[in-house]
**Student:** 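Sharing a structure below in structure tokens format, with a few things to ask.
All residue numbers in this chain count up from 1 along the given sequence. As a basis for the values below, the full set of heavy atoms in this structure was taken, side chains included, without hydrogen atoms, waters or symmetry mates. The shown structure was predicted, so the numbers you read here are calculated from the model rather than taken from an experiment.
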Amino acid sequence: MGTCRRCGYMQPVARDGTCRGCLLAVRAGQDEEWMWSEVKRDYLPPGRPRQLTLSLASIVLPDARPLRNHDQPMVVQKIPPWVRELCPRPVRDDPRICPPQIQGQLGLFPTPRRVFQMYGASRIQDRVIPDLPLAIEALKEIAWERGIKAESWSRQTWGFARLALAAREPGERQVRPEVVDQLPTMQPTLAEALKRAGLLAPRRARLALGKELVHGSCEHCLSWANDRVKVCSDCWQWSYLHPRTGECDRCRRVLPLAHGRCRFCTLVIAETEVDVSGVALVGGDQLWFGGDAAPHLRTLGARYPGPRRKGRYESKRRLVRAAQQAARPVSEHLVDPGQLSLFPAPRRAWRRLDETKLPALTVEAEAVMNDFAAYIDQRGWTRAQLGGSSRTLRILVAHLGVDAPIPENEVKAVAALSSNHQGARVVNYLRRRGLLDAGEPVNGQLAAARRTADQLPKPFADVVHAWIDVLTGQGHKPSLPRSPETINRYVRDVATTLRAWHAAGLRDPREITKGHIEDVLEPLRGTAARNMHVGLRSMFRALKRERLIFRDPARTVVLIVARHLPAPLPSDRLRGLLDKVPSVRDKLIVALTAVHALPTGQIRRLRLEDLDRARGRLRVRRPGRLDHTVYLEELTMNLATAWIIERTERWPDCTNPYLIVSRQTAVNDLHPLVSVEVMKTPFKRGGINADKLRQDRIFDEARHTADPVRLMRVFGLSSVTATKYVHAAHPDKRSDPISP
């Protein structure tokens with residue numbers, strides 16, 4: 001029930017909001033204004049009259065259906081057929097198709113060949129064409145003789161007759177035969193119908209003999225097959241895949257194009273690009289037979305862009321490439337080991353390298369490439385996986401030769417060309433063969449610290465470089481070097497403050513006072529404040545030691561930081577931790593941290609010789625302190641044994657002395673440590689922090705014993721750290737120092 005939008009009465013309404021009586025009134029044609037407003041989605045006020053109907057058994061009322069759906073305003077609704085019949089049909093007479101010409105006017109130029117389309121007749125359906133009924137009667141007679149009753153045949157032939165008659169020249173009543181030949185199809189049938197109607201003109205005399213006018217060649221590729229086909233099947237497929245038509249860049253004909261060329265020119269270029277068959281002509285092009293003997297060209301370029309490298313054309317290219325490679329000379333830049341260098345040569349511009357024109361290999365270089373392939377097989381790798389390494393070595397030995405060692409920076413420069421060039425394994429191989437001129441090793445962390453110092457203002461850049469020298473043990477007085485990670489962290493934390501001081505007007509480190517440092521530390525809290533305090537204190541202590549400043553302003557700065565006591569982890573986070581780690585190596589790392597509370601930094605530095613499986617012991621080396629011995633239990637011992645077996649199977653000739661290795665460090669002859677990311681990965685998969693897991697293990701042991709000496713023996717802790725864990729686990733047993 002609802003109020004009708006048209007009449008305004010309370011009635012059962014349809015989905016468009018009108019009652020049945022109003023729908024019948026509109027259906028009966030009594031309110032066309034309302035009907036057109038519904039079709040155009042306009043609005044008319046209610047109160048319009050409605051139709052009262054009688055319900056009789058013998059009379060069926062028409063369907064009362066809504067004209068539009070108001071619940072879905074964005075959906076395009078279909079107009080009912082009875083409404084569509086009332087719509088005026090547009091006049092179909094396209095002036096671009098066979099435009100009418102002025103009678104009696106003579107043409108200055110010959111009429112060019114027309115290109116009729118299948119749908120052209122429907123676009124001039126309303127044009128008045130003289131003599132069209134005569135042609136239609138002749139077509140009806142032909143259809144009756146052939147027993148054709150299909151309406152599609154009649155509709156198609158009538159349309160082609162309309163096109164042929166519309167293409168007549170001014171002042172001509174009959175259709176020329178060449179116009180009939182230009183129709184898309186049904187040419188013999190249309191010629192017969194026009195001839196019966198007296199509308200077909202006789203063929204005009206030609207200079208050439210009639211037998212020479214037989215269509216036997218393709219109009220596009222000019223291949224001859226004597227099959228009366230205007231366009232061969234290959235060219236038809238070409239036009240289907242390349243529908244864009246234009247002027248060919250080579251032959252200047254208007255044909256379907258791909259990359260600016262027609263199929264004929266594409267075939268000619270493909271045949272003569274590598275002319276090993278001698279088919280190229282001087283001043284002309286070689287034609288070919290059609291049909292089965294025609295040359296075929298892969299036309300997949302429209303769907304899959306790019307050159308096709310298959311078939312006989314690629315075979316011809318391979319023959320030429322093989323001949324060119326055999327005739328290549330060796331490089332003009334081979335290094336002579338007996339030639340002394342007057343000055344260091346600049347770095348080569350490998351970016352300009354053309355890998356398709358590499359020089360030929362010498363006998364010695366060819367032997368090195370074969371030995372590198374044997375080296376790959378010996379290591380258990382596949383040559384497909386190390387294609388980038390082989391490509392890099394091939395470039396180096398082709399241009400530089402193997403008579404003198406190859407500089408390491410040249411290997412890195414070639415490896416940086418793209419992701420398809422690798423140089424790590426090339427460096428290892430050349431080092432084993434004695435063919436590498438190794439450069440000075442550069443630590444990434446120290447290089448990052450130096451770059452940060454270079455970006456600082458000039459007065460502070462010099463002092464930061466002096467500070468880095470002290471931290472690395474290169475100052476005026478000998479000292480123990482700090483780790484590169486610590487140095488980079490110190491410089492990174494202090495750099496922001498130094499820039500702020502320079503922006504505030506401080507131009508010399510000697511102008512910095514205690515107040516400046518306290519102002520920097522005041523807004524900071526927690527770890528950020530402690531890192532800044534430690535970094536500034538280390539920097540000013542080093543500058544005072546190097547006598548670059550008169551006094552140390554950070555010496556008397558005290559930072560009060562709340563120290564958090566260790567707390568245990570929830571049991572649900574520890575449950576099933578090893579099951580979340582897939583590999584044996586990662587399980588061993590987690591077990592050494594969760595069971596024996598070893599820091600990840602010590603696990604990275606464990607050596608293979610430190611593992612005594614016969615006695616179940618593991619030696620932990622700690623620089624500057626006594627070594628710590630770990631007694632392995634059954635779980636950790638089994639994981640260590642499984643990891644040794646897996647390591648031996650994967651890398652049988654691995655010489656890395658460290659216990660934990662990765663895919664990169666196992667084959668590197670420099671024997672580096674595994675990256676920090678390798679140590680973090682198993683804990684990320686378990687969803688837990690390594691430091692918190694280690695603290696939980698020590699805290700759990702402290703809860704079972706109140707003896708700090710036991711913690712010192714089991715985990716190798718200092719007395720201060722062991723006492724802190726005991727006090728955290730047993731706060732009730734902590735004595736008050738001022739109690740009586």
**Student:** Leu606 and side-chain contact (heavy atoms from CB on, under 4.5 Å): which partner among Val630, Val620, Ile660?
**Tutor:** Val620

**Student:** Evaluate the side-chain proximity of Ile406 to Asp437: yes if any heavy-atom separation is below 4.5 Å, no if none is.
**Tutor:** no

**Student:** For residues 516-526, which side-chain N or O atoms pair as donor and acceptor with protein atoms under 3.5 Å away, sequence neighbours left out?
**Tutor:**
unit_1 : atom_1 : unit_2 : atom_2 : d
His516 : ND1    : Thr513 : N      : 3.1
His516 : ND1    : Thr513 : OG1    : 3.2
Arg525 : NH1    : Glu522 : O      : 2.5

**Student:** Among residues at least two apart in sequence or on other chains, which ones pass side-chain contact (heavy atoms from CB on, under 4.5 Å) with Ser718?
**Tutor:** Val720, Thr721

**Student:** Give me each pair satisfying salt bridge (charged side-chain N to carboxylate O under 4.0 Å, His left out) with a member in residues 673-690, each pair once, sequence neighbours excluded.
**Tutor:** Asp586-Arg685, Glu677-Lys684

**Student:** Hey, are Glu355 and His421 close enough side-chain-wise for a donor-acceptor pair under 3.5 Å?
**Tutor:**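 Looking only at side-chain atoms, Glu355 and His421 do form a donor-acceptor pair, the distance falling under 3.5 Å.
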
**Student:** Quick one: which residue pairs count as a salt bridge (charged side-chain N to carboxylate O under 4.0 Å, His left out) with a foot in residues 633-651, not counting sequence neighbours?
**Tutor:**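 Passing the test, one end in residues 633-651: Glu646-Arg650.
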
**Student:** Residues two or more places apart in sequence or in another chain: which of them pass side-chain contact (heavy atoms from CB on, under 4.5 Å) with Leu673?
**Tutor:**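 Checked Leu673 against side-chain contact (heavy atoms from CB on, under 4.5 Å); matches are Arg604, Arg605, Tyr658.
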
**Student:** Side-chain atoms of residues 466-473: list all donor-acceptor pairs with protein atoms under 3.5 Å, sequence neighbours left out, distances to 0.1 Å.
**Tutor:**
unit_1 : atom_1 : unit_2 : atom_2 : d
Trp467 : NE1    : Ser538 : OG     : 3.2
Asp469 : OD1    : Arg450 : NH2    : 2.7
Thr472 : OG1    : Ile468 : O      : 2.9
Thr472 : OG1    : Asp469 : O      : 3.0

**Student:** Can you list the residues that meet the side-chain contact (heavy atoms from CB on, under 4.5 Å) rule with Arg541, with sequence neighbours excluded?
**Tutor:**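 Residues passing side-chain contact (heavy atoms from CB on, under 4.5 Å) with Arg541: Arg537, Asp552.
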
**Student:** Mind checking whether Asn428 and Leu436 have side chains closer than 4.5 Å, heavy atoms only?
**Tutor:**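 They are not in side-chain contact.
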
**Student:** Sequence neighbours left out, what passes side-chain contact (heavy atoms from CB on, under 4.5 Å) with Arg510? Give chain and number order.
**Tutor:**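 Arg510: side-chain contact (heavy atoms from CB on, under 4.5 Å) contacts with Asp508, Ile549, Phe550.
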
**Student:** Return each pair, listed once, that meets salt bridge (charged side-chain N to carboxylate O under 4.0 Å, His left out) where at least one residue sits in residues 457-466; pairs must be two or more places apart or across chains.
**Tutor:** Lys458-Asp462

**Student:** Show every donor-acceptor pair shorter than 3.5 Å between a side-chain atom in residues 611-618 and any protein atom, with sequence neighbours excluded, or say none if there are none.
**Tutor:**
unit_1 : atom_1 : unit_2 : atom_2 : d
Asp612 : OD1    : Ala614 : N      : 3.3

**Student:** Check salt bridge (charged side-chain N to carboxylate O under 4.0 Å, His left out) between Arg432 and all other residues, then give those that pass, not counting sequence neighbours.
**Tutor:**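 In terms of salt bridge (charged side-chain N to carboxylate O under 4.0 Å, His left out), with neighbours along the sequence ignored, Arg432 is linked to Asp669.
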
**Student:** Using the salt bridge (charged side-chain N to carboxylate O under 4.0 Å, His left out) rule, collect all pairs that involve residues 383-395, keeping only residues at least two apart or in two chains.
**Tutor:** Asp377-Arg383

